[in-house]
Amino acid sequence: MTKNILVTGGAGFIGSNFINYILPKRDDIKIVNLDKLTYAGNLNNLAPVFQNKNYTFVKGDICNTELVDYIFRKYSINYVINFAAESHVDRSILGSEIFFKTNVLGTNILLETSKRYEVEKFIQISTDEVYGSLGPSGKFTENTPLAPNSPYSSSKASADLMALSFHHTYGLPVVVTRCSNNYGPLQFPEKLIPLMIINSMNNKKLPVYGDGLNVRDWIYVLDHNKAVEIVLDSGAPGEVYNIGADQEMKNIEIVNLILKALGKDESLIEYVKDRPGHDRRYAIDSTKTQTELGWKPDYVFEEAIVSTINWYKENQAWWETIISGEYLDYYKKQYKS
Ligand code: NAD
Ligand code: TDX
(Lines give C-alpha, C1' and ligand atoms only; values in the text may rest on other atoms or scores of the structure.)
(Ligands and ions follow the chains in the order given, each with its own letter.)
Protein backbone atom coordinates (compact mmCIF):
# COMPACT_ATOMS: atom_id res chain seq x y z
CA MET A 1 0.00 0.00 0.00
CA THR A 2 1.37 3.42 -0.98
CA LYS A 3 1.78 5.91 1.83
CA ASN A 4 0.88 9.45 0.73
CA ILE A 5 2.83 11.50 3.22
CA LEU A 6 2.54 15.19 3.91
CA VAL A 7 5.97 16.27 5.14
CA THR A 8 5.91 19.81 6.49
CA GLY A 9 9.08 21.89 6.79
CA GLY A 10 10.85 19.58 4.34
CA ALA A 11 13.11 22.35 3.03
CA GLY A 12 14.76 22.82 6.43
CA PHE A 13 17.71 20.97 7.93
CA ILE A 14 16.16 17.76 9.29
CA GLY A 15 13.18 17.60 6.91
CA SER A 16 15.31 17.85 3.75
CA ASN A 17 17.74 15.24 5.07
CA PHE A 18 14.70 13.04 5.77
CA ILE A 19 13.24 13.35 2.26
CA ASN A 20 16.63 12.84 0.59
CA TYR A 21 17.16 9.73 2.72
CA ILE A 22 13.79 8.03 2.45
CA LEU A 23 12.48 8.74 -1.07
CA PRO A 24 15.18 7.06 -3.16
CA LYS A 25 14.99 3.83 -1.18
CA ARG A 26 11.23 3.35 -0.81
CA ASP A 27 8.78 2.64 -3.67
CA ASP A 28 5.81 2.64 -1.35
CA ILE A 29 6.11 6.30 -0.37
CA LYS A 30 4.92 9.49 -2.05
CA ILE A 31 5.85 12.77 -0.41
CA VAL A 32 4.20 16.18 -0.64
CA ASN A 33 6.54 18.70 0.97
CA LEU A 34 4.71 21.78 2.31
CA ASP A 35 7.18 24.48 3.28
CA LYS A 36 6.80 28.23 3.70
CA LEU A 37 10.44 28.79 2.76
CA THR A 38 11.23 31.05 5.69
CA TYR A 39 14.86 32.17 6.14
CA ALA A 40 15.58 28.55 7.23
CA GLY A 41 14.03 26.82 4.23
CA ASN A 42 16.18 26.20 1.17
CA LEU A 43 14.98 24.37 -1.92
CA ASN A 44 18.58 23.63 -2.96
CA ASN A 45 18.68 21.19 -0.05
CA LEU A 46 16.35 18.95 -2.06
CA ALA A 47 18.34 18.73 -5.29
CA PRO A 48 18.72 14.92 -4.95
CA VAL A 49 14.93 14.43 -5.24
CA PHE A 50 13.87 17.20 -7.65
CA GLN A 51 13.30 14.66 -10.42
CA ASN A 52 11.83 11.92 -8.26
CA LYS A 53 8.34 11.04 -9.54
CA ASN A 54 7.13 10.50 -5.99
CA TYR A 55 8.09 14.00 -4.84
CA THR A 56 5.89 17.14 -4.96
CA PHE A 57 6.73 20.54 -3.48
CA VAL A 58 4.12 23.08 -2.37
CA LYS A 59 5.24 26.48 -1.12
CA GLY A 60 2.92 27.52 1.68
CA ASP A 61 2.18 28.01 5.34
CA ILE A 62 0.91 25.29 7.68
CA CYS A 63 -1.22 28.08 9.22
CA ASN A 64 -3.18 28.41 5.96
CA THR A 65 -6.28 26.28 6.68
CA GLU A 66 -7.62 26.36 3.11
CA LEU A 67 -4.30 25.38 1.57
CA VAL A 68 -3.76 22.55 4.05
CA ASP A 69 -7.28 21.24 3.38
CA TYR A 70 -6.70 21.44 -0.39
CA ILE A 71 -3.46 19.45 -0.10
CA PHE A 72 -5.08 16.67 1.96
CA ARG A 73 -7.88 16.39 -0.61
CA LYS A 74 -5.83 16.69 -3.77
CA TYR A 75 -3.06 14.29 -2.72
CA SER A 76 -5.16 11.87 -0.61
CA ILE A 77 -2.83 12.36 2.33
CA ASN A 78 -2.89 9.49 4.81
CA TYR A 79 0.29 10.18 6.84
CA VAL A 80 1.66 13.45 8.24
CA ILE A 81 5.18 14.16 9.52
CA ASN A 82 5.28 17.64 11.02
CA PHE A 83 8.84 18.97 10.92
CA ALA A 84 7.75 22.58 10.22
CA ALA A 85 8.69 24.94 13.01
CA GLU A 86 10.52 28.03 14.02
CA SER A 87 13.47 26.19 15.53
CA HIS A 88 16.04 28.60 16.95
CA VAL A 89 16.02 29.41 20.67
CA ASP A 90 17.90 32.71 20.23
CA ARG A 91 15.33 34.00 17.77
CA SER A 92 12.49 32.99 20.11
CA ILE A 93 14.08 35.11 22.85
CA LEU A 94 14.11 38.12 20.53
CA GLY A 95 10.48 37.69 19.46
CA SER A 96 8.16 34.84 20.31
CA GLU A 97 5.00 35.55 18.30
CA ILE A 98 5.94 33.67 15.15
CA PHE A 99 7.00 30.69 17.30
CA PHE A 100 3.50 30.37 18.74
CA LYS A 101 1.86 30.98 15.36
CA THR A 102 3.79 28.33 13.49
CA ASN A 103 4.60 25.83 16.21
CA VAL A 104 1.25 25.91 18.02
CA LEU A 105 -1.44 27.30 15.69
CA GLY A 106 0.13 25.63 12.64
CA THR A 107 0.20 22.28 14.42
CA ASN A 108 -3.43 22.77 15.45
CA ILE A 109 -4.47 23.32 11.83
CA LEU A 110 -2.61 20.18 10.73
CA LEU A 111 -4.23 18.16 13.53
CA GLU A 112 -7.76 19.43 12.78
CA THR A 113 -7.32 18.66 9.08
CA SER A 114 -5.84 15.23 9.87
CA LYS A 115 -8.90 14.50 12.00
CA ARG A 116 -11.25 15.51 9.17
CA TYR A 117 -9.43 13.31 6.67
CA GLU A 118 -8.94 10.43 9.14
CA VAL A 119 -5.19 10.09 8.57
CA GLU A 120 -3.54 6.82 9.54
CA LYS A 121 -0.64 8.39 11.41
CA PHE A 122 0.42 11.86 12.53
CA ILE A 123 4.04 12.20 13.66
CA GLN A 124 4.81 15.31 15.66
CA ILE A 125 8.56 15.97 15.51
CA SER A 126 9.46 17.36 18.91
CA THR A 127 12.54 18.00 20.96
CA ASP A 128 14.23 17.09 24.24
CA GLU A 129 14.02 20.79 25.15
CA VAL A 130 10.40 20.29 26.25
CA TYR A 131 11.74 18.52 29.37
CA GLY A 132 13.65 21.60 30.54
CA SER A 133 17.12 21.51 32.04
CA LEU A 134 19.01 18.78 33.95
CA GLY A 135 21.54 18.99 36.76
CA PRO A 136 24.85 17.14 36.50
CA SER A 137 23.26 13.66 36.54
CA GLY A 138 20.18 11.85 35.21
CA LYS A 139 18.51 11.70 31.80
CA PHE A 140 15.15 12.59 30.30
CA THR A 141 12.78 9.64 29.86
CA GLU A 142 9.37 9.80 28.20
CA ASN A 143 7.88 10.09 31.71
CA THR A 144 9.91 13.12 32.73
CA PRO A 145 7.44 15.98 33.38
CA LEU A 146 7.53 18.73 30.77
CA ALA A 147 9.21 21.90 32.04
CA PRO A 148 10.16 24.02 29.02
CA ASN A 149 12.15 27.18 29.70
CA SER A 150 12.36 29.18 26.46
CA PRO A 151 9.63 30.58 24.24
CA TYR A 152 10.78 28.05 21.62
CA SER A 153 10.59 25.02 23.90
CA SER A 154 7.31 26.12 25.47
CA SER A 155 5.78 26.40 22.00
CA LYS A 156 7.02 22.90 21.16
CA ALA A 157 5.69 21.54 24.49
CA SER A 158 2.29 23.14 23.77
CA ALA A 159 2.19 21.43 20.38
CA ASP A 160 3.16 18.05 21.90
CA LEU A 161 0.40 18.20 24.47
CA MET A 162 -2.14 19.33 21.90
CA ALA A 163 -1.16 16.48 19.56
CA LEU A 164 -1.48 13.92 22.37
CA SER A 165 -4.86 15.38 23.34
CA PHE A 166 -6.11 14.73 19.78
CA HIS A 167 -5.22 11.08 20.30
CA HIS A 168 -6.88 10.94 23.71
CA THR A 169 -10.04 12.79 22.72
CA TYR A 170 -10.60 11.85 19.07
CA GLY A 171 -8.51 8.72 18.67
CA LEU A 172 -6.30 10.42 16.08
CA PRO A 173 -3.25 8.14 15.64
CA VAL A 174 -0.68 10.64 16.89
CA VAL A 175 2.92 9.72 17.72
CA VAL A 176 5.35 12.22 19.26
CA THR A 177 9.13 11.96 18.89
CA ARG A 178 11.50 13.92 21.12
CA CYS A 179 15.03 14.10 19.80
CA SER A 180 18.24 15.60 21.11
CA ASN A 181 20.48 18.15 19.29
CA ASN A 182 21.08 17.22 15.64
CA TYR A 183 24.18 17.91 13.57
CA GLY A 184 25.10 17.13 9.97
CA PRO A 185 24.94 18.58 6.45
CA LEU A 186 22.44 21.32 5.50
CA GLN A 187 22.02 22.82 8.98
CA PHE A 188 21.36 26.55 8.94
CA PRO A 189 24.48 28.30 10.25
CA GLU A 190 22.79 29.97 13.21
CA LYS A 191 23.05 26.74 15.24
CA LEU A 192 26.18 25.98 17.26
CA ILE A 193 28.02 23.47 15.06
CA PRO A 194 27.66 24.99 11.56
CA LEU A 195 28.16 28.52 12.96
CA MET A 196 31.42 27.54 14.64
CA ILE A 197 32.67 25.65 11.56
CA ILE A 198 31.94 28.51 9.17
CA ASN A 199 33.25 31.23 11.49
CA SER A 200 36.47 29.24 12.02
CA MET A 201 36.94 28.81 8.29
CA ASN A 202 36.54 32.58 7.87
CA ASN A 203 38.80 33.43 10.84
CA LYS A 204 35.87 35.10 12.56
CA LYS A 205 35.29 35.08 16.32
CA LEU A 206 33.48 32.11 17.85
CA PRO A 207 30.85 33.43 20.31
CA VAL A 208 30.64 31.04 23.25
CA TYR A 209 27.73 31.85 25.56
CA GLY A 210 28.41 32.13 29.31
CA ASP A 211 31.11 29.78 30.63
CA GLY A 212 30.87 27.36 27.68
CA LEU A 213 30.12 24.48 30.03
CA ASN A 214 26.49 23.90 29.03
CA VAL A 215 25.97 20.33 27.87
CA ARG A 216 24.04 19.12 24.83
CA ASP A 217 23.44 15.51 23.76
CA TRP A 218 24.32 15.21 20.06
CA ILE A 219 22.91 12.95 17.36
CA TYR A 220 23.79 12.71 13.67
CA VAL A 221 20.80 13.83 11.59
CA LEU A 222 20.60 10.53 9.69
CA ASP A 223 20.28 8.57 12.92
CA HIS A 224 17.35 10.83 13.87
CA ASN A 225 15.74 10.32 10.47
CA LYS A 226 16.15 6.54 10.60
CA ALA A 227 14.26 6.63 13.87
CA VAL A 228 11.51 8.74 12.26
CA GLU A 229 11.22 6.13 9.48
CA ILE A 230 10.81 3.35 12.06
CA VAL A 231 8.21 5.40 13.93
CA LEU A 232 6.38 5.90 10.64
CA ASP A 233 6.29 2.16 10.04
CA SER A 234 5.88 0.84 13.58
CA GLY A 235 5.31 3.62 16.15
CA ALA A 236 2.26 3.01 18.32
CA PRO A 237 -0.51 5.67 18.38
CA GLY A 238 -0.58 7.78 21.53
CA GLU A 239 3.06 7.03 22.35
CA VAL A 240 6.04 9.31 22.86
CA TYR A 241 9.49 8.12 21.72
CA ASN A 242 12.75 9.71 22.86
CA ILE A 243 15.57 9.72 20.30
CA GLY A 244 19.18 10.26 21.30
CA ALA A 245 22.64 8.82 20.78
CA ASP A 246 24.20 9.10 24.27
CA GLN A 247 26.69 11.68 23.13
CA GLU A 248 26.94 14.44 25.70
CA MET A 249 29.40 17.24 25.03
CA LYS A 250 30.15 20.58 26.65
CA ASN A 251 29.84 23.44 24.16
CA ILE A 252 33.47 24.44 24.64
CA GLU A 253 34.60 20.87 23.87
CA ILE A 254 32.78 21.04 20.53
CA VAL A 255 34.28 24.44 19.73
CA ASN A 256 37.80 23.22 20.52
CA LEU A 257 37.29 20.09 18.46
CA ILE A 258 36.18 22.15 15.43
CA LEU A 259 39.15 24.54 15.80
CA LYS A 260 41.54 21.60 15.96
CA ALA A 261 40.02 19.85 12.94
CA LEU A 262 40.35 23.03 10.90
CA GLY A 263 43.86 23.83 12.15
CA LYS A 264 42.75 27.11 13.73
CA ASP A 265 43.85 28.82 16.92
CA GLU A 266 41.93 28.99 20.22
CA SER A 267 42.34 32.76 20.18
CA LEU A 268 39.29 32.85 17.90
CA ILE A 269 37.13 31.93 20.90
CA GLU A 270 35.22 34.86 22.40
CA TYR A 271 33.23 34.34 25.59
CA VAL A 272 30.09 36.49 25.36
CA LYS A 273 27.06 37.27 27.50
CA ASP A 274 25.02 34.20 28.36
CA ARG A 275 21.76 33.30 26.61
CA PRO A 276 18.91 34.40 28.94
CA GLY A 277 17.38 31.37 30.66
CA HIS A 278 20.10 29.16 29.14
CA ASP A 279 19.35 25.46 29.84
CA ARG A 280 22.38 23.88 31.51
CA ARG A 281 22.27 20.28 30.42
CA TYR A 282 20.24 17.94 28.19
CA ALA A 283 20.60 14.15 28.11
CA ILE A 284 18.17 11.74 26.48
CA ASP A 285 17.36 8.18 27.54
CA SER A 286 16.18 6.42 24.35
CA THR A 287 15.82 2.93 25.88
CA LYS A 288 12.11 2.76 25.00
CA THR A 289 12.68 3.53 21.30
CA GLN A 290 15.52 1.03 21.17
CA THR A 291 13.72 -1.83 22.92
CA GLU A 292 10.19 -1.32 21.56
CA LEU A 293 11.02 -0.27 17.98
CA GLY A 294 14.43 -1.89 17.45
CA TRP A 295 16.12 1.41 16.54
CA LYS A 296 19.70 2.22 17.47
CA PRO A 297 22.08 4.99 16.45
CA ASP A 298 24.71 3.94 13.88
CA TYR A 299 26.98 6.99 13.72
CA VAL A 300 29.91 7.54 16.07
CA PHE A 301 30.30 11.20 17.04
CA GLU A 302 34.09 11.35 16.49
CA GLU A 303 33.66 10.23 12.87
CA ALA A 304 30.39 11.92 11.95
CA ILE A 305 31.57 15.32 13.24
CA VAL A 306 34.62 15.08 10.96
CA SER A 307 32.50 14.22 7.92
CA THR A 308 30.15 17.08 8.88
CA ILE A 309 33.07 19.54 9.06
CA ASN A 310 34.25 18.27 5.66
CA TRP A 311 30.78 18.75 4.21
CA TYR A 312 30.81 22.45 5.15
CA LYS A 313 34.34 22.76 3.72
CA GLU A 314 33.23 21.21 0.44
CA ASN A 315 29.91 23.06 0.16
CA GLN A 316 30.96 26.67 0.52
CA ALA A 317 28.50 27.75 -2.20
CA TRP A 318 25.65 26.40 -0.08
CA TRP A 319 26.41 28.53 3.00
CA GLU A 320 27.93 31.58 1.29
CA THR A 321 24.55 32.77 0.03
CA ILE A 322 23.20 32.49 3.56
CA ILE A 323 25.93 34.30 5.44
CA SER A 324 26.13 37.06 2.88
CA GLY A 325 22.47 37.80 3.62
CA GLU A 326 20.98 39.64 6.54
CA TYR A 327 20.02 36.47 8.40
CA LEU A 328 22.88 36.15 10.83
CA ASP A 329 23.50 39.77 11.68
CA TYR A 330 20.24 40.81 13.19
CA TYR A 331 20.23 38.67 16.26
CA LYS A 332 23.86 37.82 16.98
CA LYS A 333 24.34 41.31 18.40
CA GLN A 334 22.23 40.35 21.41
CA TYR A 335 25.09 38.50 23.10
CA LYS A 336 27.86 41.03 22.58
CA SER A 337 29.63 41.37 25.91
P1 NAD B 1 14.83 24.36 10.45
O2 NAD B 1 14.64 25.69 11.07
O3 NAD B 1 16.13 24.05 9.77
O4 NAD B 1 13.69 24.10 9.35
C5 NAD B 1 12.35 24.44 9.57
C6 NAD B 1 11.62 24.38 8.23
O7 NAD B 1 10.23 24.67 8.47
C8 NAD B 1 12.12 25.40 7.21
O9 NAD B 1 12.24 24.80 5.94
C10 NAD B 1 11.02 26.47 7.19
O11 NAD B 1 10.89 27.13 5.95
C12 NAD B 1 9.78 25.63 7.51
N13 NAD B 1 8.69 26.40 8.11
C14 NAD B 1 8.79 27.30 9.13
N15 NAD B 1 7.58 27.84 9.38
C16 NAD B 1 6.70 27.25 8.52
C17 NAD B 1 5.30 27.37 8.31
N18 NAD B 1 4.55 28.22 9.04
N19 NAD B 1 4.72 26.62 7.35
C20 NAD B 1 5.46 25.77 6.59
N21 NAD B 1 6.79 25.62 6.74
C22 NAD B 1 7.40 26.34 7.71
O23 NAD B 1 14.52 23.30 11.59
P24 NAD B 1 15.16 21.85 11.86
O25 NAD B 1 16.36 22.00 12.66
O26 NAD B 1 15.19 21.11 10.58
O27 NAD B 1 14.02 21.24 12.80
C28 NAD B 1 12.92 20.50 12.25
C29 NAD B 1 12.03 20.05 13.39
O30 NAD B 1 12.76 19.24 14.28
C31 NAD B 1 11.46 21.19 14.22
O32 NAD B 1 10.13 20.87 14.55
C33 NAD B 1 12.33 21.20 15.48
O34 NAD B 1 11.61 21.69 16.58
C35 NAD B 1 12.66 19.74 15.61
N36 NAD B 1 13.94 19.42 16.28
C37 NAD B 1 15.09 19.99 15.87
C38 NAD B 1 16.30 19.62 16.47
C39 NAD B 1 17.62 20.20 16.04
O40 NAD B 1 18.64 19.93 16.67
N41 NAD B 1 17.68 20.98 14.97
C42 NAD B 1 16.29 18.68 17.51
C43 NAD B 1 15.08 18.10 17.90
C44 NAD B 1 13.91 18.47 17.27
O1 TDX C 1 26.72 31.07 18.94
C2 TDX C 1 26.40 30.22 19.78
N3 TDX C 1 27.13 30.07 20.92
C4 TDX C 1 26.82 29.18 21.90
O5 TDX C 1 27.52 29.09 22.91
C6 TDX C 1 25.24 29.37 19.60
C7 TDX C 1 24.38 29.49 18.38
C8 TDX C 1 24.93 28.46 20.60
N9 TDX C 1 25.69 28.38 21.73
C10 TDX C 1 25.32 27.38 22.75
C11 TDX C 1 23.90 27.47 23.25
C12 TDX C 1 23.56 26.02 23.55
O13 TDX C 1 24.02 25.69 24.84
O14 TDX C 1 25.43 26.11 22.12
C15 TDX C 1 24.38 25.23 22.53
C16 TDX C 1 23.58 24.78 21.32
O17 TDX C 1 22.88 25.91 20.84
P18 TDX C 1 21.93 25.82 19.55
O19 TDX C 1 22.70 25.25 18.42
O20 TDX C 1 21.26 27.13 19.38
O21 TDX C 1 20.90 24.68 19.97
P22 TDX C 1 19.91 24.53 21.22
O23 TDX C 1 19.57 25.83 21.83
O24 TDX C 1 20.48 23.46 22.11
O25 TDX C 1 18.61 23.97 20.46
C26 TDX C 1 18.75 22.99 19.42
O27 TDX C 1 18.50 21.69 19.87
C28 TDX C 1 17.18 21.31 20.13
C29 TDX C 1 17.88 23.30 18.21
O30 TDX C 1 18.09 24.63 17.80
C31 TDX C 1 16.43 23.07 18.51
O32 TDX C 1 15.64 23.25 17.35
C33 TDX C 1 16.25 21.67 19.00
O34 TDX C 1 14.92 21.48 19.41
Side-chain angles (χ1 to χ4, degrees), residues 7-18 33-43 45-46 58-64 67-68 81-93 98-99 101-103 105-107 109-110 124-130 133 148-150 152-153 155-156 159-160 177-184 186-196 199 205-219 221 224-225 228 243-244 249-252 254-255 269-275 277-282 284 328 331-332 334-335:
V7 170
T8 67
F13 164 49
I14 303 173
S16 62
N17 273 290
F18 177 76
N33 174 13
L34 171 62
D35 197 297
K36 186 180 169 184
L37 297 182
T38 66
Y39 77 94
N42 184 347
L43 279 186
N45 293 359
L46 293 150
V58 179
K59 180 177 188 299
D61 192 331
I62 58 169
C63 298
N64 182 336
L67 175 65
V68 171
I81 308 179
N82 184 25
F83 289 99
E86 287 294 333
S87 68
H88 192 34
V89 173
D90 290 338
R91 287 180 189 258
S92 81
I93 293 167
I98 189 67
F99 283 74
K101 271 193 184 141
T102 289
N103 301 0
L105 180 63
T107 301
I109 286 164
L110 293 172
Q124 174 64 11
I125 302 294
S126 187
T127 166
D128 60 359
E129 297 198 19
V130 297
S133 185
N149 289 315
S150 72
Y152 162 71
S153 55
S155 72
K156 292 295 290 186
D160 276 31
T177 62
R178 296 188 182 135
C179 189
S180 59
N181 283 58
N182 285 222
Y183 66 98
L186 303 173
Q187 186 166 31
F188 193 85
E190 62 187 356
K191 308 283 164 58
L192 180 75
I193 289 183
L195 182 82
M196 296 300 169
N199 278 11
K205 290 285 186 192
L206 311 185
V208 174
Y209 302 164
D211 60 9
L213 299 179
N214 299 62
V215 173
R216 296 293 181 265
D217 190 354
W218 294 93
I219 184 170
V221 63
H224 180 185
N225 282 332
V228 174
I243 304 168
M249 300 279 290
K250 296 186 182 76
N251 293 337
I252 192 66
I254 301 238
V255 171
I269 295 172
E270 182 179 35
Y271 285 91
V272 297
K273 235 173 27 190
D274 208 356
R275 172 186 278 176
H278 197 173
D279 284 339
R280 192 61 172 171
R281 174 172 168 261
Y282 303 145
I284 269 275
L328 291 177
Y331 74 98
K332 281 296 160 197
Q334 70 187 305
Y335 300 121

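Each ligand, and each atom within it, is numbered from 1 in the order the structure gives.
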Visitor: Quick check on contacts: which atoms of ligand 2 are under 4.0 angstrom from a heavy atom of E190?
Guide: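 Atoms satisfying the 4.0 Å criterion: 7 (C).
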Visitor: Which residues pass the side chain to side chain contact (heavy atoms under 4.5 Å, CB included) test with I14, not counting sequence neighbours?
Guide: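 Applying side chain to side chain contact (heavy atoms under 4.5 Å, CB included) to I14 gives F83, N182, V221, H224, N225.
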Visitor: Any side-chain heavy-atom pair from R216 and I254 closer than 4.5 angstrom?
Guide: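 A side-chain contact under 4.5 Å is absent here.
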Visitor: Relative to the heavy atoms of R216, which atoms of ligand 2 are at a distance of less than 4.0 Å?
Guide: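 Going through ligand 2 atom by atom, the ones under 4.0 Å from R216 are 12 (C), 13 (O), 24 (O).
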Visitor: Which of the atoms of ligand 2 are close to H88, meaning less than 4.0 Å from one of its heavy atoms?
Guide: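 Once the distances to H88 are compared, the set is 20 (O).
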Visitor: Check for a donor-acceptor pair, side chain of S92 on one end and backbone N or O of Y152 on the other, with a separation under 3.5 Å.
Guide: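 A pair under 3.5 Å: yes.
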Visitor: Would you say the side chains of T107 and N82 form a donor-acceptor pair under 3.5 Å?
Guide: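 Distance-only check passes for T107 and N82.
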Visitor: Relative to ligand 2, is L192 under 4.0 angstrom through side chain, backbone, both or neither, heavy atoms considered?
Guide: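 L192 to ligand 2: contacts from backbone and side chain alike.
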Visitor: When you measure from atom 29 (C) of ligand 2 to each heavy atom in G210, S87, P194, which option holds the nearest one?
Guide: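 Answer by nearest heavy atom: S87.
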Visitor: Hey, does N214 have a side-chain heavy atom less than 4.5 Å from the side chain of D279?
Guide: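 No, their side chains stay 4.5 Å or more apart.
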Visitor: Of the choices R91, K191, E129, which has the non-hydrogen atom that lies closest to atom 22 (P) of ligand 2?
Guide: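 That would be E129.
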Visitor: I need the atoms of ligand 2 closer than 4.0 Å to a non-hydrogen atom of V208, numbered in the order shown.
Guide: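 Reading through ligand 2 atom by atom, the close ones are 5 (O).
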Visitor: Report yes or no: does S16 contribute a side-chain atom to a donor-acceptor pair with the main-chain N or O of L46 at less than 3.5 Å?
Guide: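 Checked: no pair found.
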Visitor: Does any N/O atom on Y152 come nearer than 3.5 Å to any N/O atom on ligand 2?
Guide: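 Between Y152 and ligand 2 (N or O atoms, distance only) the closest approach is under 3.5 Å.
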Visitor: For ligand 2, which atoms, with element, lie under 4.0 Å from some heavy atom of H278?
Guide: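 It comes down to these atoms of ligand 2: 11 (C), 12 (C), 13 (O).
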Visitor: Just to verify, what does D61 make a salt bridge (charged side-chain N to carboxylate O under 4.0 Å, His left out) with, not counting sequence neighbours?
Guide: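 Checked D61 against salt bridge (charged side-chain N to carboxylate O under 4.0 Å, His left out); matches are K36.
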Visitor: Taking N or O atoms only and a 3.5 Å limit, does Y209 qualify as a polar contact for ligand 2?
Guide: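 Yes - when backbone and side-chain N and O of Y209 are compared with those of ligand 2, one distance drops under 3.5 Å.
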Visitor: I need the contact type for L195 against ligand 2. Using non-hydrogen atoms and a strict under-4.0 Å cut-off, is it side chain, backbone, both or neither?
Guide: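 It is the side chain that gets close, since no backbone atom is under 4.0 Å.
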Visitor: Using a 4.5 Å cut-off on heavy atoms from C-beta on, say whether the side chain of W218 contacts that of L192.
Guide: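 A side-chain contact under 4.5 Å exists here.
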Visitor: Evaluate N251 for polar contact with ligand 2, using N/O atom pairs at a separation under 3.5 Å.
Guide: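 Yes, at least one N or O pair falls under 3.5 Å.
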Visitor: Output all residues satisfying side chain to side chain contact (heavy atoms under 4.5 Å, CB included) with S180, sequence neighbours left out; order by chain, then residue number.
Guide: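 Scan of S180 (side chain to side chain contact (heavy atoms under 4.5 Å, CB included), adjacent residues dropped) gives D128, D217, I219, I284.
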Visitor: Can you check whether E129 reaches Y282 side chain to side chain, under 4.5 Å on heavy atoms?
Guide: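 When only atoms from C-beta onward are counted, Y282 and E129 do touch, with a gap below 4.5 Å.
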Visitor: Given side chains that start at C-beta, do those of N45 and F13 come closer than 4.5 Å, heavy atoms only?
Guide: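 No; the side chains remain at least 4.5 Å from each other.
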Visitor: Does some side-chain heavy atom of F18 sit less than 4.5 Å from a side-chain heavy atom of I125?
Guide: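 Counting from C-beta outward, I125 and F18 never come under 4.5 Å.
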Visitor: Distance under 4.0 Å to a non-hydrogen atom of P207: what atoms of ligand 2 satisfy this?
Guide: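 Listed by number with element: 1 (O), 2 (C), 3 (N), 4 (C), 5 (O).
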Visitor: Give the numbers and elements of all ligand 2 atoms closer than 4.0 Å to a heavy atom of V89.
Guide: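 By the 4.0 Å cutoff, the relevant atoms are 23 (O).
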Visitor: Do Y39 and R91 get their side chains close enough for a donor-acceptor pair, meaning under 3.5 Å?
Guide: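 Yes, side-chain donor-acceptor contact under 3.5 Å.
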Visitor: Taking 4.0 angstrom as the limit and counting only heavy atoms of T127, give me the atoms of ligand 2 inside it, by number and element.
Guide: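 Checking each atom against T127, I get 28 (C), 33 (C), 34 (O).
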Visitor: Select all protein residues for which some heavy-atom-to-ligand 1 distance is less than 4.0 Å, and list them by chain and number.
Guide: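 The answer is G9, A11, G12, F13, I14, D35, K36, L37, T38, A40, G41, G60, D61, I62, F83, A84, A85, S87, T102, I125, S126, T127, Y152, K156, C179, S180, N181, N182, counting any residue whose heavy atom sits under 4.0 Å from ligand 1.
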